Amino acid sequence: MNSRYFGRFDPSRGEKLQILDHEGKLKEELRPDLPDERVVRLYERMTVMRVADQTALTLQREGRLGTYAPFYGQEACQASSAFLGPLDWLVPTYRETGALFMRGVPLSLLYRYWMGDERGMSMPETSRILPVEIVVGAHPLHAVGLSWALKLKGEKAAAAAYFGDGASSQGDVHEAMNFAGVLKTPTVFVCENNQYAISLPRKEQTASETIAQRAAGYGFPGLLIDGNDLFAVAGSMLEALEACRNGGGPFLIEMLTYRYGPHTSSDDPTKYRTAEEVEAQKPFDPLLRLRRYLESKGMWTDADEAAALEAGRLEAERAITAAEAMSPPAPMDMFRYTKKTVPPYLEQQKAELAEFLESGVGHA
Amino acid sequence: MNSRYFGRFDPSRGEKLQILDHEGKLKEELRPDLPDERVVRLYERMTVMRVADQTALTLQREGRLGTYAPFYGQEACQASSAFLGPLDWLVPTYRETGALFMRGVPLSLLYRYWMGDERGMSMPETSRILPVEIVVGAHPLHAVGLSWALKLKGEKAAAAAYFGDGASSQGDVHEAMNFAGVLKTPTVFVCENNQYAISLPRKEQTASETIAQRAAGYGFPGLLIDGNDLFAVAGSMLEALEACRNGGGPFLIEMLTYRYGPHTSSDDPTKYRTAEEVEAQKPFDPLLRLRRYLESKGMWTDADEAAALEAGRLEAERAITAAEAMSPPAPMDMFRYTKKTVPPYLEQQKAELAEFLESGVGHA
Amino acid sequence: MPKLNMVSAINQALDQEMSRNGRMLVLGEDVGREGGVFRVTDGLQAKYGPARVVDTPLAESAIVGVSLGLAAGGMLPVAEIQFEGFLYVAMDQLLNQLARYRTRSQGRFDLGVVVRVPWGGGIHAPEMHSDSPETVLVHTPGLTVVEPSNPFDAKGLMLSALRLGEPVVFCEPKRIYRAVKMDVPEEDYTVPIGKAKTVAEGTDLTIVAWGAMVREAMNSRKELESLGYSAEVIDLRTLSPMDSPAVIESVRKTGRLIITHEAPRTLGLGAEIAARVAEEALTSLLAPIERVTGFDTFMPLGLLEEHYLPNAGRITAAAKKALGVERIAA
Amino acid sequence: MPKLNMVSAINQALDQEMSRNGRMLVLGEDVGREGGVFRVTDGLQAKYGPARVVDTPLAESAIVGVSLGLAAGGMLPVAEIQFEGFLYVAMDQLLNQLARYRTRSQGRFDLGVVVRVPWGGGIHAPEMHSDSPETVLVHTPGLTVVEPSNPFDAKGLMLSALRLGEPVVFCEPKRIYRAVKMDVPEEDYTVPIGKAKTVAEGTDLTIVAWGAMVREAMNSRKELESLGYSAEVIDLRTLSPMDSPAVIESVRKTGRLIITHEAPRTLGLGAEIAARVAEEALTSLLAPIERVTGFDTFMPLGLLEEHYLPNAGRITAAAKKALGVERIAA
Ligand SMILES: Cc1ncc(C[n+]2csc(CCOP(=O)(O)OP(=O)(O)O)c2C)c(N)n1
Ligand SMILES: Cc1ncc(C[n+]2csc(CCOP(=O)(O)OP(=O)(O)O)c2C)c(N)n1
Ligand SMILES: [Mg+2]
Ligand SMILES: [Mg+2]
């Protein structure tokens, strides 16, 4: 493999890939195949993503959405899904609303999911996305199995498993990386290290300097990157995915980022960090530096910015309208997917509920 | 810490601590605090250990013991428990019969355990040993908790968790090391890498070059040693334990060894390895090189060897006699330890069994 | 007397015991700075310091396994698992290790470990945050499992659990964490483990419930009263060991039994209660036993949750069915 | 017709389906070179190669979780968990992931995964090698659980399981792996999932059993016959979904029910069977339901195992108790 990133930056010596710094300056020599036109388009989508995220939090406060997990500050990491090829698979957690959005899942569906409607997880058979995982750390194993299947079927494709710094402590994540190393599966492990697992700071999650360096202990390359740098995200993703498609893999990418918002809408971050700490991270905003970069190239203006924000507002609004226009799920839906065929005893229970609902007592 | 071993040999670069080579030559400059007189005594006990192990296999074949897990070839690793201080804890698996023996557990009790008698696990309150663990990988967490307790109570002591190369793949072992790293517990992780997990060779267990190097990914030192070299075993154990007692820890020691015998008495190793492979490992026998060393020092003769073997035979024989003289466990024993007080419904079941046994039908 | 909700009642029990017992330790995800996602351990880290109230890395198996080791080393760990759905990753440590350790060590290690777990549905949470997997625990010998239905019992049961010297899983019905406030004595008192409580007497039928379902049972009792029937309501309180004698005694009196729980019907605790009654009080039964439970499917997300969870209306419907059945034996 | 024991019957089913279905994969600890510690997968790696018969690293959670992913990717993984006691470390992957995946994906992913697990006691093995944790699986919606009692059913059920297109846990009663040989057709045939089998008809009482306990039930039937009683024996075969209608129909005829299983009594499958009978056939019962089961304590090591496991003698004793009870209803 003709590597420009993996193996060139050794995470166990604290080396980190950064291509675009927070002032918007680009190290051209490290630039991946990411033309400025694409950067503009990605920046636009990331802007919409941010607005959609903020909208979700607002909706939640208005009681129109259930608990919601925002990704504010992690937009460059979330945008990584844009680099997956059409045959690659996305294996997300609750945090990946932005990544799902980038991969084309309708925002209205995502809002519906967060409203507490299971139908929000019904994705087209053709979408190469596994359902959102709630159990922290459980799904990288699914990505390993899935990518193993791709390999066995001879598909030139990979699976990318997303997880957080907290998840890295779970046994299943260890087992997933170890299996992937042994089976040489085309898996990209994307650790979105946002410095917190709810209230636990990264330093108390593990005594290791980095998570990326663990890859060596499984016999494959790990790379530490600035996760607020879209170029580093693009470069590492493209390199890992391309290698996977050509028989390489697995890879681990640790994306250093920072969660500006609460863990979820039920979380009160003042319990565990100061407003100053958050403010000190704001200059490293993933969107801010992209905007600076594009402005310096003369490819972005204040008017463009206003237009992008307005586009985001409109898109989010349309999505809410569509989501709220959906008829509520039917109570009997809960029996629908348990098994391919409803067993007799469950059929009986279904009838029981139907009868009860018909009796009218059910609607208090 | 004034380290002579940890940090001096980097497992991620394939560096391995060996002090006594297989020809019996000692690197004096690396010698730990292990005077030759003690080596003689340890060699004697290791000889007895080996005889006791062989005896167990023989007993099993004669139908006098249940399934048994021999440690033939791993005697130097097993002898590591001799370096635990009186306040340190041993946290063993089914493989550690030799380590338990070295720590003073009566051989008769151990045989009794392998006969299928739970009473074989009843150890004095003062013995600092946790019960034998059967679930591969589950117990290092117990060692972490236990050593954390030692630290909280201000005891100058450590806990040593023993596990195999196979166990290293289990999620619980990862979680244990990560917790230990964060909590800085006085835990010594002893990975007895005997090259196989039943039929799976070490190379297929993980794509990592070593297991020892994983310690870095948890923020503490790991050391790869020749596990057939009692001096390397002694040096690494003494250094790690001493550091633990002085507020250091945790540590990981990977002891490279080889299981000459079957996984257990029910295993047929010809299914997965050749006799030649095993023979090729025989020159690296942990006892052989010690004998050569002692002979070269003029501290051991053929007569000593014969005497040690005879002592072993006698000790094993006495242990069998004692074990077989024990009255069989009583059926009602099974209700004894479930809970401190027997709940009413269980009391009822107890009475049911007692009645059934009295009826005489129970004795087919 | 101060009026407390269940969160404060448990918090007080933990606080008081911790100040009395220097061996006690609180550990889990977000239990320290954050005071737990439900605030049950609020203020404890500030009071007792980060060495005794410990925010652990994110690994439930480790939380339980390390607690085992702490107890073997003489400490009294109180571990929190953030939601019952995450117990599954700790199942081996809980069922194969902690529960069996007394037997495995031939009585040497009595492990006083309390595993606190927010339990059950009703808060419109994401997947895996609303289940009631008590069956798995109660089926396992060696574990003690309790679930209070009100703040008073919560404090008293917690103090009992902390002093039991054996592994206890303490299920906390999250839906009613803050639902009611009641008089909770500041003083030390215990509620006995292993004893059900008859929360309302009655003569026509028996309703067995625990946790958040007790409230539904009591509401159904009111509905039935208005129809002229008298229901006895038993709050199981301890799920293992189960106080089946209390249930059987009640059934002998009333002749009819309704069991209600949130867990799926098949092999929910209702099955065991029904089986014991069928073993020991068959001739007292005037009608088939009714189970008003969650369905044998998965607890749906928020919007459908209310239809999965049994409620007073469904209990009353089942009761009417039982009451309408003719007597089949004297 | 060739006479096969259960090991060979399952091996044949796997072999035949593997040769027909290129998507099928066998994986687990020691299933390849070693052919499984019980030799159930013997010869498969030699025949189909190490890419399709895979010796995995030692991690049960991974074995199940990776199987899920393989199935999502269109393969048909057949995973082995070496002993039922090691299922606990894979509980989250099995119950929270695999079982729920159809629901979670809104029907998109039908995951055909077969998890084979040697089951139960009777081979004098170490701790954690002799349990029967079927309750945990049967309580979980979404899983299919089967346990054959003989070589013929073993092959037929395995072929059904492999073609079900849903997650199946296939419990293999290790005690009778090699106990009997019987005619097992070389040809392709299936035994339906979800259907119990009446292995012997009778009129005075019904004995429900599965796996290795069927043999004990049949032996008890002989003892009872010599006492002049006629027992009907039902082999459950599928534990989930349970064919309770078959049991209820039999009880309607015989009026007496004995359920026997190796698992601890409390919340063993006997509880659910008893509860359903108490719901639907209460008036048919002429005597209390008897459960002849493992005790609510841990399966002891080899020397005491025989006293823990229920046997024909204990079944007969319970049957006599049931038969001795007076009729309580017409
Ligand atoms: C197994 C499990 N334990 C606990 C939780 C509760 N929980 C949800 S998110 C979270 C923190 C996860 O942190 P991290 O992996 O860093 O991801 P992030 O939320 O920061 O994106 C916790 C503890 C869970 N969902 N699953
Ligand atoms: C969780 C679990 N899975 C599987 C087994 C069955 N088993 C017993 S020993 C063993 C291999 C262990 O290999 P290793 O850790 O290298 O230790 P060794 O036996 O070589 O000393 C296996 C698979 C078990 N006891 N526990
Ligand atoms: Mg995080
Ligand atoms: Mg090994």
Side-chain angles (χ1 to χ4, degrees), chain C residues 60-61 85-97 99-100 103-104 127-128 131 133 135-136 138-142 240-242 257 259 263-283 285 287-291 295-298 300 325 328-329, chain D residues 60-61 85-97 99-100 103-104 127-128 131 133 135-136 138-142 240-242 257 259 263-283 285 287-291 295-298 300 325 328-329:
Chain C
E60 286 76 10
S61 188
F86 313 137
L87 264 182
Y88 291 88
V89 295
M91 260 333 158
D92 180 75
Q93 288 297 338
L94 196 62
L95 307 188
N96 269 349
Q97 309 300 328
R100 297 179 91 120
T103 298
R104 188 180 299 161
E127 203 196 345
M128 235 80 79
D131 294 326
T135 282
V136 180
V138 174
H139 181 54
T140 303
S240 183
M242 205 185 273
L257 176 60
I259 309 152
R265 183 163 312 162
T266 291
L267 281 168
L269 261 60
E272 181 60 31
I273 296 170
R276 292 194 190 175
V277 169
E279 266 163 28
E280 304 192 26
L282 187 69
T283 52
L285 284 174
I289 297 168
E290 298 280 335
R291 293 185 285 171
F295 303 109
D296 288 345
T297 179
F298 298 104
V325 166
I328 52 162
Chain D
E60 286 76 11
S61 188
F86 313 137
L87 264 182
Y88 291 88
V89 295
M91 261 331 160
D92 180 75
Q93 288 297 338
L94 196 63
L95 307 187
N96 268 349
Q97 308 301 328
R100 297 179 91 120
T103 298
R104 189 180 299 161
E127 204 196 345
M128 235 81 77
D131 294 326
T135 282
V136 179
V138 174
H139 182 54
T140 303
S240 182
M242 206 185 273
L257 177 60
I259 309 152
R265 183 163 312 163
T266 291
L267 281 168
L269 261 60
E272 181 60 31
I273 297 169
R276 291 194 190 176
V277 170
E279 265 163 29
E280 304 192 24
L282 187 69
T283 52
L285 285 174
I289 297 169
E290 299 280 334
R291 293 185 285 171
F295 303 109
D296 287 345
T297 179
F298 298 103
V325 166
I328 54 161

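The chains referred to below are lettered A, B, ... by the order of the sequence lines, with proteins before strands, and numbering in each begins at 1. What you see is a predicted model, and the numbers here were worked out from it, not measured in a lab.
Contact of D:Ala90 with chain C is not made at all, since no heavy-atom distance falls under 4.5 Å. Heavy-atom distances place both the backbone and the side chain of C:Leu269 under 4.5 Å from chain D. Both the backbone and the side chain of C:Glu279 come within contact range of chain D, with heavy atoms under 4.5 Å apart.
C:Pro288 has its side chain out of reach of D:Glu280: every pair of non-hydrogen atoms, C-beta onward, lies at least 4.5 Å apart. Side chains of C:Leu282 and D:Leu282 form a contact here, defined as non-hydrogen atoms less than 4.5 Å apart. Residues C:Arg265 and D:Arg276 have side chains not in contact (no heavy-atom distance under 4.5 Å, counting atoms from C-beta outward).
Considering CZ of D:Arg100 and CE of C:Met128, their distance stands at 5.0 Å, rounded to 0.5 Å. Rounded to the nearest 0.5 angstrom, C:Asp92 CG and D:Glu60 CD are separated by 9.0 Å. Distance OG1/D:Thr103 to CD/C:Glu127: 8.5 Å, rounded to 0.5 Å. Going from atom CG of D:Asp131 over to atom OG1 of C:Thr140 covers 9.5 Å, rounded to the nearest 0.5 Å.
Of the listed residues (C:Pro241, C:Pro264, C:Gly142, C:Ala99), the greatest number of heavy-atom pairs within a distance under 4.5 Å of chain D belongs to C:Pro264. Chain C forms the most heavy-atom pairs under 4.5 Å with one residue out of D:Val136, D:Ile289, D:Leu94, and that residue is D:Ile289. For chain D, the option among C:Gly268, C:Ala281, C:Pro133 with the highest count of heavy-atom pairs below 4.5 Å is C:Gly268.
With hydrogens and angles disregarded, no donor-acceptor distance shorter than 3.5 Å links the side chain of D:Glu272 to the backbone of C:Ala271.
Closest non-hydrogen pair, C:Gly85 versus D:Asn96, comes out as O-ND2, 2.8 Å.
Partners of D:Asp296 by side-chain hydrogen bond (donor to acceptor under 3.5 Å, both in side chains), not counting sequence neighbours, listed by chain and number: B:Gln349, D:Thr266.
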